[in-house]
Amino acid sequence: MTLEEAKEFYFQYNGYSFHMDREEPAKYSRFRMLHIGEDTLREWDEELLEGLFERFRSDPARAWVYHGDILKIIGRGRCDTDRYLNRLLDAMEQMKHPDLSTVTLIVETMAGRTESMKDGGVYIICGHPGLAEWMNRITERLIAVCTAEHGTEERFDEAVRRYRRAYEKWKA
């Protein structure tokens with residue numbers, strides 16, 4: 001496997017080693033044998049993030065997918081975390097008239113999907129000074145706008161409860 005092939009493979013799975021190993025274990029084994037350095041992986045993660053931010057802005061119907069991928073990549077810690085968290089919050093702040101489904105999924109991702117909530121955006125963002133309150137203002141605004149424009153449903157209400165519980169747990 002060449003470095004270019006390794007990059008294509010990495011990008012195919014957004015750098016998720018779990019998925020690379022599960023879907024193509026032999027190829028993932030060859031990928032690992034290259035012993036790709038952290039600097040290269042950081043560059044690749046930042047390139048992935050640039051593409052995801054572009055899609056976040058240009059494809060609002062799937063913003064929730066890109067939002068989740070952005071958080072996972074930032075959570076790996078290879079990129080300039082503060083820079084990309086600020087960009088994510090800015091992108092969330094720029095969202096105009098999101099639909100109920102999109103906001104529900106984004107709020108679920110912010111809260112985290114596991115019992116510990118350590119896989120959520122709140123956990124990642126609250127670990128960075130000065131971002132917790134901004135994140136909460138943006139998320140609460142999305143919740144309020146969505147509620148006013150679309151009403152609510154059970155899944156949305158549960159996502160909001162989980163988000164607020166996560167925020168209270170992790171804010172500094």
Side-chain angles (χ1 to χ4, degrees), residues 10-23 44-128 131-171:
Y10 189 83
F11 275 57
Q12 178 182 348
Y13 291 99
N14 279 337
Y16 302 143
S17 57
F18 173 82
H19 297 292
M20 290 188 282
D21 189 31
R22 182 187 67 197
E23 300 299 323
W44 291 356
D45 276 357
E46 290 184 356
E47 193 173 330
L48 280 169
L49 286 166
E50 292 302 324
L52 288 166
F53 275 110
E54 178 58 36
R55 290 190 293 278
F56 185 91
R57 285 187 301 277
S58 66
D59 187 5
R62 295 187 43 81
W64 62 274
V65 173
Y66 309 125
H67 176 270
D69 286 338
I70 289 167
L71 275 170
K72 287 176 188 171
I73 293 169
I74 292 170
R76 286 199 286 254
R78 289 191 195 116
C79 63
D80 181 343
T81 305
D82 287 330
R83 174 179 172 222
Y84 286 103
L85 286 176
N86 275 284
R87 281 187 66 186
L88 178 60
L89 291 174
D90 186 56
M92 289 172 65
E93 196 166 44
Q94 300 303 317
M95 292 179 75
K96 302 291 186 224
H97 309 290
D99 61 63
L100 182 63
S101 177
T102 297
V103 174
T104 299
L105 292 163
I106 286 175
V107 172
E108 285 176 346
T109 300
M110 291 302 290
R113 292 182 177 3
T114 62
E115 190 63 34
S116 71
M117 296 185 261
K118 288 185 177 181
D119 65 326
V122 172
Y123 176 77
I124 295 168
I125 294 169
C126 283
H128 294 269
L131 296 183
E133 289 181 23
W134 184 29
M135 172 207 65
N136 193 50
R137 277 195 311 273
I138 292 166
T139 306
E140 289 292 346
R141 182 194 60 82
L142 284 173
I143 291 166
V145 165
C146 198
T147 301
E149 291 182 6
H150 306 289
T152 67
E153 57 185 39
E154 189 175 328
R155 183 173 178 182
F156 176 81
D157 294 338
E158 178 58 24
V160 170
R161 280 190 294 278
R162 281 189 53 80
Y163 166 79
R164 290 177 177 153
R165 198 166 50 243
Y167 180 66
E168 287 303 312
K169 180 177 182 176
W170 298 116
K171 72 179 178 179

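Hydrogens, waters and symmetry mates play no part in the numbers below; they use all other heavy atoms, side chains included.
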Carefully, step by step, assess L88 and F53 under the rule side-chain contact (heavy atoms from CB on, under 4.5 Å). CA-CA 8 Å; L88 178 60; F53 275 110; 4.1 Å; yes
Between E140 and R137, is the closest basic N to carboxylate O distance under 4.0 Å? no
Listed by chain and number, what are the salt bridge (charged side-chain N to carboxylate O under 4.0 Å, His left out) partners of [X], not counting sequence neighbours?
{"X": "D69", "value": "none"}
{"X": "E47", "value": "K7"}
{"X": "E46", "value": "none"}

Between L142 and P98, the two heavy atoms sitting closest are CD2-CG, 3.8 Å
Heavy-atom nearest pair, C126 first then A132, reads SG-CB, 3.7 Å
Pair E168-R165, salt bridge (Lys or Arg N to Asp or Glu O under 4.0 Å): steps then yes or no: CA-CA 5 Å; E168 287 303 312; R165 198 166 50 243; over 6 Å; no
Any donor-acceptor pair under 3.5 Å from [X] side chain to [Y] backbone:
{"X": "T104", "Y": "L100", "value": "yes"}
{"X": "R76", "Y": "D45", "value": "no"}
{"X": "N14", "Y": "Y16", "value": "no"}

Among D99, V103, I106, find the one that has a side-chain contact (heavy atoms from CB on, under 4.5 Å) with W64. I106
Evaluate the criterion side-chain contact (heavy atoms from CB on, under 4.5 Å) for residue pair Y66 and E54; output intermediate values, then yes/no. CA-CA 9 Å; Y66 309 125; E54 178 58 36; over 6 Å; no
Under the criterion side-chain contact (heavy atoms from CB on, under 4.5 Å), I'd like the reasoning laid out for H67 against L71: C-alpha separation, chi angles, the key distance, then a yes or no. CA-CA 6 Å; H67 176 270; L71 275 170; 3.4 Å; yes
Holding to side chain to side chain donor-acceptor pair (under 3.5 Å), I want the full list of residues that pass it with Y163, two or more places apart in sequence or in another chain. N136
Which pairs would a plain distance check flag for residues 111-125, meaning a side-chain donor or acceptor within less than 3.5 Å of a matching protein atom at least two apart in sequence or in another chain?
unit_1 : atom_1 : unit_2 : atom_2 : d
R113   : NH1    : E108   : O      : 3.3
R113   : NH2    : T109   : OG1    : 3.4
T114   : OG1    : S116   : OG     : 3.3
T114   : OG1    : M117   : N      : 3.4
T114   : OG1    : D119   : OD1    : 3.0
S116   : OG     : K118   : N      : 3.3
D119   : OD1    : R113   : N      : 3.1
D119   : OD1    : T114   : N      : 3.3
D119   : OD2    : R113   : N      : 3.1

First locate atom [atom1] of [X], then atom [atom2] of [Y], and finally report the distance between them rounded to the nearest 0.5 Å.
{"X": "I74", "Y": "L85", "atom1": "CD1", "atom2": "CG", "result": "4.5 Å"}
{"X": "L52", "Y": "I70", "atom1": "CG", "atom2": "CD1", "result": "5.0 Å"}
{"X": "N86", "Y": "D90", "atom1": "CG", "atom2": "CG", "result": "8.5 Å"}

Can Y84 and E50 be counted as having a side-chain donor-acceptor contact under 3.5 angstrom? yes
Listed by chain and number, what are the ring-ring contact (aromatic ring centres under 6.0 Å, His included) partners of H128, not counting sequence neighbours? none
Should we say atom CD of E133 is surrounded by more than 12 heavy atoms from elsewhere, each under 6.0 Å from it? no
Side-chain contact test, heavy atoms from C-beta onward, threshold under 4.5 Å: evaluate it for M95 versus V145 and give yes or no. no
Given M92 and M110, is the side-chain contact (heavy atoms from CB on, under 4.5 Å) satisfied, shown in steps? CA-CA 11 Å; M92 289 172 65; M110 291 302 290; 4.3 Å; yes
